[in-house]
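Below is one structure, written out as structure tokens; comments come after it.
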Amino acid sequence: MVKALAFVIFDMDGVLVDSLDAHLVSWRLLAEEKSFSFSEDYFRKSFGNHGRVIIQDWLGPQLSISEIQRLIDKKEFFYRDIAKDHVKPMPGVVDLLRNLANKGIPLAVGSSGPRANVEFALEI
């Protein structure tokens, strides 16, 4: 009999952690700094997209790659500052992770977010 190998890959935002509000606030801080608006409706429609996609859609495709990266880095700086007080594990996720780990099931995280955000959220 062949034993099946099992592993679980989790997404971070909205699966392992509730980070919605922290991301919204960080985008609004960036928008305020750039003197643009960033509505909650637009945020909800774009949530889950990579920052460069959101920035190009929001501010236009004329931005240079370096400017897009600068804006992404600034937004993520705001996020990590806000996250320490606002990001929480999703309900039941800590018990689920413990149960899977206790059964010896390998666990991993896949995310389009920056590695620093993933590591930060895992600490939470």
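Scanning both residues, Ser19 and Gly14, for their nearest heavy atoms gives OG-N, 4.4 Å. The shortest non-hydrogen separation linking Gly110 to Ile9 is N-CG2, 3.8 Å. Across all non-hydrogen atoms, the minimal contact from Pro106 to Ala6 is CD-O, 3.2 Å. Here the shortest heavy-atom pairing between Leu59 and Leu63 reads CB-CD1, 3.7 Å. Val118 and Ser111 get closest at one heavy-atom pair: CG2-CB, 3.7 Å.
A continuous path of Ile, Leu, Val, Met, Phe, Trp and Tyr side chains, each step under 4.5 Å between heavy atoms, connects Leu96 with Val94, placing both in one hydrophobic cluster. Val53 and Leu71 fall into different hydrophobic clusters, where Ile, Leu, Val, Met, Phe, Trp and Tyr residues are linked whenever their side-chain heavy atoms come under 4.5 Å apart, directly or through other members. A chain of hydrophobic side-chain contacts below 4.5 Å, direct or via other Ile, Leu, Val, Met, Phe, Trp or Tyr residues, connects Leu24 to Trp58. Val109 and Leu97 fall within a single hydrophobic cluster, where Ile, Leu, Val, Met, Phe, Trp and Tyr are joined by side-chain heavy atoms under 4.5 Å apart, directly or via other members. In the hydrophobic clustering of ILVMFWY residues, with side-chain heavy atoms under 4.5 Å counting as a link, Val25 and Met12 come out apart.
With Asn117 contributing its side chain and Pro114 its backbone, the two residues share no donor-acceptor pair below 3.5 Å. Ser39 contributes a side-chain N or O that, together with a main-chain N or O of Tyr42, makes up a donor-acceptor pair within less than 3.5 Å. At least one donor-acceptor pair under 3.5 Å links the side chain of Asn99 to the backbone N or O of Asp95.
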Item to complete: Please test Val87 against Phe120 for side-chain contact (heavy atoms from CB on, under 4.5 Å), starting from the C-alpha separation and ending with a verdict.
Response: CA-CA 10 Å; Val87 172; Phe120 187 80; over 6 Å; no
Fill in: Leu29 and Lys74: CA distance, side-chain angles, deciding distance, side-chain contact (heavy atoms from CB on, under 4.5 Å) verdict
CA-CA 9 Å; Leu29 287 171; Lys74 184 74 170 199; over 6 Å; no
Fill in: Evaluation steps, side-chain contact (heavy atoms from CB on, under 4.5 Å), between Ile72 and Lys75
CA-CA 5 Å; Ile72 290 170; Lys75 183 268 175 190; 5.8 Å; no
Worksheet item: Which is it for Ile65 and Arg52 under the side-chain contact (heavy atoms from CB on, under 4.5 Å) test, yes or no, and what are the steps along the way?
Response: CA-CA 9 Å; Ile65 293 171; Arg52 78 176 161 275; over 6 Å; no
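Salt-bridge check for Glu123 with Arg80: failed, with every basic side-chain N at 4.0 Å or more from each acidic carboxylate O. Between Glu32 and Arg28, none of the side-chain N atoms (NZ, or NE/NH1/NH2) sits under 4.0 Å from a carboxylate O, so this pair counts as no salt bridge.
Put simply, NE2 on His86 and NE2 on His23 are 13.0 Å apart, with the number rounded to the nearest 0.5 Å. In this structure, OG in Ser112 is found 8.0 Å from CG in Asn49, a value given to the nearest 0.5 Å.
Between Phe43 and Ile54 there is no side-chain heavy-atom pair separated by less than 4.5 Å. The closest side-chain heavy-atom distance from Leu30 to Phe38 is not below 4.5 Å. Under the 4.5 Å side-chain criterion, counting only non-hydrogen atoms from C-beta, Val15 is not in contact with Met90. No side-chain heavy atom of Leu16 sits under 4.5 Å from any side-chain heavy atom of Pro89. Counting heavy atoms from C-beta on, the side chains of Leu100 and Phe7 never come closer than 4.5 Å.
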